[in-house]
Amino acid sequence: MQHVQCLILGSGPAGYTAAIYAQRANVQSVICEGLQPGGQLTTTTTVENFPGFPDGVDANVLMDNMRQQAVNYGARICPQLAVETKLDQPPYEVKLDDGTTVLADTVIIATGAQAKYLGLADEEKYKGQGVSACATCDGFFYRKKIVAVVGGGDTACEEASYLASLAAKVYLVVRKPYLRASQIMQDRVKQNPKIEVLFETNAVGLYGDNGVQGAHLIYRKGEADERRYDLPIDGFFLAIGHKPNSEIFKPWVKTDANGYILTEAGTPKTGIPGVFAAGDVADPRYRQAVVAAASGAKAAIEVEKYLAEKQS
Ligand code: NDP
């Protein structure tokens, strides 16, 4: 059975940065890359808000570079996905999808989160061509254009407000007759002349020859006054929530009601000695590559301290 000093689960900015820091601190680390090497960022195109790239950087290039940097410092990469964990006492046991088990003195959970999608075939068809689940990442491409945001929570209101600062017009497509967001966010949306809220409306498809040119909408679906219509838009943003990839850790670590791993304020400490959480799996609020990278660095620094204290 393989025994490692630091097992890093996840290969987004948090995972790779953790590996770079761990290796430079002489902590032998193994990264389990999981199903989506490079993480969520690889679903976008150009990253324009990661510091150090004045002209932006291709998301896949950025992640490949982070990976290479970790490898250059000696991190080992395994392509497997962690499917089960036993974190009651060290060495911690992590079972992988090839049936093997890794023993680890420390674990950094950096498994990320996934944006929820409606499940429409058109979302797949137009992904990267007008469909996005990250306004901060992709909003810039819609300057002076018309976009729709689906959702009625805080994220949707925040994304709509952000997009309104760039786009010519923002439709907020809300399935209920009210917003679920906090009052302050609702007020912000209602007071913004560029945002129009379409209550009791469901998006059921998208159309366009060269990327998204519009959405098929249904007002009061299933009611006597149901109305189907097409709304011309250039961009379609999903903001119906994220799902943190925390299922396999739930027997051991504390999570909030939405499944995000709870850590000690301002640190990546999970409460289990030597087990840390970094990146989006523990961050319902910021969900930015640079924030995830920074939290990966913090986790590796904590790993180093933990191992040093154990040895002394
Ligand atoms: P929420 O779960 O709060 O809201 C999701 C929204 O998406 C709801 O309006 C929901 O509708 C809608 N929705 C879900 N599924 C579908 C679907 N299939 N079709 C159409 N609409 C759908 O998620 P958020 O990401 O907005 O927020 C998550 C948490 O993070 C919350 O606790 C929020 O308060 C917090 N947050 C706080 C922020 C802040 O304080 N600045 C910023 C962002 C998030 P319905 O209401 O009908 O269920």
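For ligands, and for the atoms within them, numbers begin at 1 and follow the listed sequence.
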> Which residue owns the protein heavy atom closest to atom 27 (O) of ligand 1, what's the atom, and how far is it?
Thr155 OG1, 3.6 Å
> Any protein heavy atom at under 4.0 Å, with atom 30 (O) of ligand 1 as the reference point?
no
> Same cluster or not: are Tyr73 and Val71 linked, directly or through other Ile, Leu, Val, Met, Phe, Trp or Tyr residues, by side-chain heavy atoms under 4.5 angstrom apart?
no
> Closest by any non-hydrogen atom to atom 15 (N) of ligand 1: pick that one out of Arg175, Arg287, His242, Met185.
Arg175
> Under a plain distance cut-off of 3.5 Å, with no hydrogens placed, do Asn72 and Gln68 share a side-chain donor-acceptor pair?
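Side chains of Gln68 and Asn72: pair found under 3.5 Å.
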> Can you report which non-hydrogen protein atom sits closest to atom 36 (N) of ligand 1, along with the distance?
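I find the closest protein heavy atom is Asp154 CB, 3.7 Å.
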> List the closest protein heavy-atom neighbour of atom 4 (O) of ligand 1: residue, atom name, distance to the nearest 0.1 Å.
Gly153 CA, 3.7 Å
> Quick one: do the Gln183 and Asp187 side chains pair a donor with an acceptor below 3.5 Å?
yes
> In terms of residue, atom name and distance, what is the protein heavy atom nearest to atom 32 (O) of ligand 1?
Asn258 ND2, 4.3 Å
> Can you find an N/O atom of Arg180 closer than 3.5 Å to an N/O atom of ligand 1?
yes
> For ligand 1, which atoms, with element, lie under 4.0 Å from some heavy atom of Glu158?
39 (C), 41 (N), 42 (C)
> Mark yes or no: Lys310 above the aromatic ring of Tyr306, with NZ or CZ under 6.0 Å from the six-membered ring centre and no more than 45 degrees from the axis.
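Negative - Lys310 is either too far from the ring of Tyr306 or too far off its axis.
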> To which protein heavy atom is atom 23 (O) of ligand 1 closest, and what is the distance rounded to 0.1 Å?
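Among all protein heavy atoms, the one nearest atom 23 (O) of ligand 1 is Gly241 CA, 4.0 Å.
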> Atoms of ligand 1 less than 4.0 Å from Lys176 heavy atoms?
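Here the atoms of ligand 1 in question are 45 (P), 46 (O), 47 (O), 48 (O).
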> Quick one: do Ile233 and Leu172 end up in the same hydrophobic cluster if we chain Ile, Leu, Val, Met, Phe, Trp and Tyr together by side-chain heavy atoms under 4.5 Å apart?
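No, it is not one cluster - the side chains of Ile233 and Leu172 are not joined through contacts under 4.5 Å.
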> Identify the protein heavy atom lying closest to atom 40 (O) of ligand 1, giving its residue, its atom name and the separation to 0.1 Å.
Arg285 NH1, 3.5 Å
> Just distances here: any N/O of Val150 and N/O of ligand 1 closer than 3.5 Å?
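By distance alone, the answer is no.
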> Going only through I, L, V, M, F, W and Y residues with side-chain contacts under 4.5 Å, is there a path from Leu217 to Val170?
no
> Any idea which protein heavy atom is nearest atom 19 (N) of ligand 1, and the distance to it?
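Protein heavy atom with the smallest distance to atom 19 (N) of ligand 1: Leu118 CD2, 3.3 Å.
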> Tell me which protein heavy atom sits closest to atom 7 (O) of ligand 1, plus the residue, atom name and distance to 0.1 Å.
Ile240 CA, 3.4 Å
> Can you sort out which atoms of ligand 1 are near Gly152, meaning under 4.0 Å from one of its heavy atoms?
6 (C), 7 (O), 8 (C), 9 (O)
> Classify the contact between Val174 and ligand 1 as side chain, backbone, both or neither, using a heavy-atom distance cut-off of under 4.0 Å.
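The answer is neither; Val174 stays 4.0 Å or more away.
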